[in-house]
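Note sheet for the following structure.
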Amino acid sequence: MGNAGESWDDEYDVVVAGSGAGAMAGALAAASGGLKTAVLEKTRVLGGTSAYSGSAIWLPGTAVQERAGIGDSAESARTYLRALIGDGTAAHREAFLETAPELVDFLERDPAIEFEFQPFPDYFDAPGRMAMGRSFVPLPLPAERLGDLAGLVRPPVDRDRAGRGHSASRPLVQGRALIGRLLLAINATGNGDVRTRTALTDLVVEDGRVTGVLAATADGPRRLRARRGVLLAAGGFESSSALRGERGVPGEAGWTMAPDGANTGDAITAAVAAGASTGLLDQAWFCPGVLTPDGLPAFTLGFRGGLIVDGSGRRFANESLPYDQMGRRLAAAEGPFHLIFDARSKGLPAISVPPVALEEQVASGRWTEAGSLAGLAARTGLPAGALTATVERFNGLAAKGVDEDFHRGEDPYDLFFTGGKPGLVPVDEPPYYAAEIVLSDLGTKGGLRTDPDGRVLDGADRPIPGLYAAGNTSASFTGPVYPGPGIPIGSAMAFAYRAVQDMRR
Ligand code: FAD
């Protein structure tokens with residue numbers, strides 16, 4: 001832990017570690033309220049996984065849903081969350097629901113921030129579900145509005161991995177628009193100091209209160225004072241093989257979607273050293289992924305054709321399940337897993353981030369092509385008899401249009417990507433293909449235990465003065481459930497906002 005009593009290199013009211021959606025929303029709440037605020041970002045650019053995201057935001061019962069006329073309300077969201085999660089985290093749920101409309105009003109009052117409803121079904125068939133969801137997204141942001149600041153925002157996944165910046169001719173969309181808009185708003189306050197290549201390494205604790213942080217920079221260590229509080233919103237530990245192994249998080253650090261290997265749980269480790277307690281450490285926001293030619297994963301959802309088999313060559317789940325649920329089925333089954341498809345369906349999912357192309361995947365050897373199922377089995381090592389029997393059974397179900405085995409196509413979510421059809425397309429037109437599917441994730445979701453105001457709790461459930469956490473640095477109030485599109489970002493922003501309100505009291 002950082003030594004007490006030494007001098008400070010810089011002094012702030014609020015220090016925020018990380019620059020994802022929660023961090024940036026918290027920083028805006030602080031800076032716009034007149035608090036001198038620092039945003040510390042470990043990498044060269046802002047936004048982390050939030051910048052890669054689709055930036056769906058699940059904050060129910062706000063002005064955005066009201067404008068869209070979809071009939072959403074805090075009551076129906078409460079019914080839905082209760083049905084899925086129970087009442088174990090009821091205080092957090094109520095704080096989240098109470099804050100959602102206030103947070104959106106606060107954000108939309110800023111000239112830099114505008115949202116619109118985006119249809120995307122909630123993920124579970126439960127009371128209170130909205131068939132077309134209740135999440136919203138930021139409007140695209142013309143790069144000119146950001147000017148030189150555009151270079152500070154993490155580019156889209158494919159361009160970022162190739163070492164390229166934003167496209168000069170296209171607006172920033174999705175997660176980039178969200179981070180860009182929050183950055184513009186923070187910048188306009190004149191109270192925000194955004195420091196990239198600055199990694200939180202430790203907390204300074206004086207008389208039982210967190211009073212600042214130690215940070216590693218290119219110019220050496222810095223000791224930064226935080227008069228009101230430190231908000232830890234520096235992602236989870238998805239990129240740490242050691243912590244994943246220790247905590248039993250399924251999947252591999254190399255298969256996470258988080259960028260640059262940066263989310264290694266630094267903020268969680270620093271807080272634990274200061275007496276913080278943790279929860280839910282074996283959990284992540286899971287998804288199926290396919291490995292791209294560079295060996296990095298692509299997040300995939302909305303399979304419109306093909307079928308997924310396990311290492312024994314058998315189906316084991318409804319391939320159209322929402323991605324976190326499919327990820328959990330992958331974690332429970334025995335791999336390796338393959339999406340089997342044919343020339344007709346082309347097998348490609350509706351959404352793949354970054355986009356994947358069949359020819360490129362096959363040419364790189366990531367995906368296998370063969371003229372027959374037996375040939376495919378020989379090349380992938382799958383048992384030929386079982387694979388052939390599985391595909392024949394699947395084709396029979398496809399002919400009937402009913403998945404008697406796994407009920408694919410029965411839930412509105414399944415039909416969202418397939419134009420209302422069940423997505424049961426026979427696999428009988430050679431050549432055949434096998435795409436290896438891995439268990440990927442959008443970040444771990446266990447971490448520091450907090451109260452409903454984002455205050456980090458010690459082992460005796462007492463808040464540690466001056467210390468707050470949000471996003472994947474904190475244990476999610478949703479437990480092992482991913483209720484709907486935009487919960488990671490919506491809850492990160494809500495609890496970061498609440499943390500800053502608490503600091504201001
Ligand atoms: P991040 O956004 O990863 O931010 C953490 C930041 O902290 C990073 O920039 C990192 O470099 C930095 N950092 C790490 N360590 C330190 C340190 N020691 N000091 C300083 N900085 C540090 N969720 C949704 O809600 N809606 C969606 O539409 C959605 N779509 C997605 C689409 C894709 C393709 C992906 C990959 C994810 C998606 N998600 C979505 C999930 C969501 O993006 C993440 O779970 C969430 O954004 C994580 O937020 P975070 O702030 O906890 O972490």
Side-chain angles (χ1 to χ4, degrees), residues 1-20 22-24 26-27 30-31 35-49 151-152 154 183 186 191-243 253 258-276 278 447-448 456 458 464-474 496 499-500 503:
M1 230 177 303
N3 291 334
E6 288 172 16
S7 63
W8 302 102
D9 293 304
D10 282 303
E11 302 204 13
Y12 298 95
D13 295 312
V14 177
V15 170
V16 180
S19 65
M24 296 292 275
L35 300 180
K36 191 178 174 208
T37 303
V39 173
L40 313 185
E41 167 52 47
K42 183 176 181 177
T43 67
R44 70 203 188 286
V45 278
L46 305 172
T49 317
L152 275 180
R154 189 173 285 282
L183 176 60
I186 292 169
N191 293 320
D193 190 2
V194 171
R195 303 170 68 143
T196 54
R197 300 179 202 266
T198 302
L200 170 120
T201 54
D202 223 334
L203 296 168
V204 180
V205 184
E206 296 176 302
D207 298 329
R209 182 184 177 84
V210 172
T211 55
V213 307
L214 293 189
T217 75
D219 302 319
R222 289 288 180 273
R223 204 161 176 277
L224 309 176
R225 184 173 185 194
R227 283 182 285 257
R228 298 286 186 113
V230 172
L231 171 59
L232 302 176
F237 57 91
E238 52 272 15
S239 295
S240 165
S241 291
L243 286 178
D260 285 355
N263 289 352
T264 47
D266 310 347
I268 298 172
T269 304
V272 167
T278 54
L448 303 174
V456 174
D458 68 11
I464 298 175
L467 190 60
Y468 299 79
N472 292 344
T473 302
S474 61
V500 171
M503 290 182 204

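Everything numeric in this text was worked out from a predicted model, so none of it was measured. We number each residue from 1, following the sequence as shown.
- Considering only residues two or more places apart in sequence or on other chains, Arg228 meets the salt bridge (charged side-chain N to carboxylate O under 4.0 Å, His left out) condition with none of them.
- Under the side chain to side chain contact (heavy atoms under 4.5 Å, CB included) criterion, Ser241 pairs with Ala253, not counting sequence neighbours.
- By the side chain to side chain contact (heavy atoms under 4.5 Å, CB included) test, Ser19 pairs with Met24, Val39, Glu41, Leu46, sequence neighbours left out.
- For the pair Ser239 and Thr264, the tightest heavy-atom approach, listed with the atom from each and the gap, is O-CG2, 3.9 Å.
- Nearest heavy atom pair, residue Glu206 against residue Thr211, reads OE1-OG1, 2.8 Å.
- Remark: Leu467 CG to Met503 CE distance equals 8.5 Å, nearest 0.5 Å.
- Smallest separation of non-hydrogen atoms from Val204 and Trp8: CG1-CH2, 3.9 Å.
- Taking OH of Tyr12 as the start and CG of Asp193 as the end, the distance is 3.5 Å to the nearest 0.5 Å.
- Residues Leu224 and Ala215 approach most closely at CD1-CB, 4.4 Å, considering heavy atoms.
- Here the CG-OG1 distance, from Asp266 to Thr201, works out to 8.5 Å after rounding to the nearest 0.5 Å.
- Between Val205 and Ile464 there is no side-chain heavy-atom pair separated by less than 4.5 Å.
- Residues Lys42 and Asp260 are not paired through a salt bridge, judged by the lack of any N-O separation under 4.0 Å between the basic side chain and the carboxylate.
- The shortest distance between side-chain heavy atoms of Pro465 and Val210 does not fall below 4.5 Å.
- The line from CG of Leu152 to CZ of Arg44 is 11.0 Å long, rounded to the nearest 0.5 Å.
- A salt bridge links Arg227 with Asp13: the distance from a Lys NZ or Arg NE/NH1/NH2 to an Asp or Glu carboxylate oxygen falls below 4.0 Å.
- Here the shortest heavy-atom pairing between Ile186 and Gly192 reads CG2-CA, 3.9 Å.
- To the nearest 0.5 Å, atoms CG (Asn472) and CG (Leu232) are separated by 13.0 Å.
- When all heavy atoms of Ala271 and Leu203 are compared, the closest pair comes out as CA-CD1, 3.7 Å.
- In summary, the side chains of Arg195 and Thr217 do not present any donor paired with an acceptor at a separation below 3.5 Å, with no hydrogens or angles considered.
- Between Thr43 atom OG1 and Arg197 atom CZ the span is 8.5 Å, to the nearest 0.5 Å.
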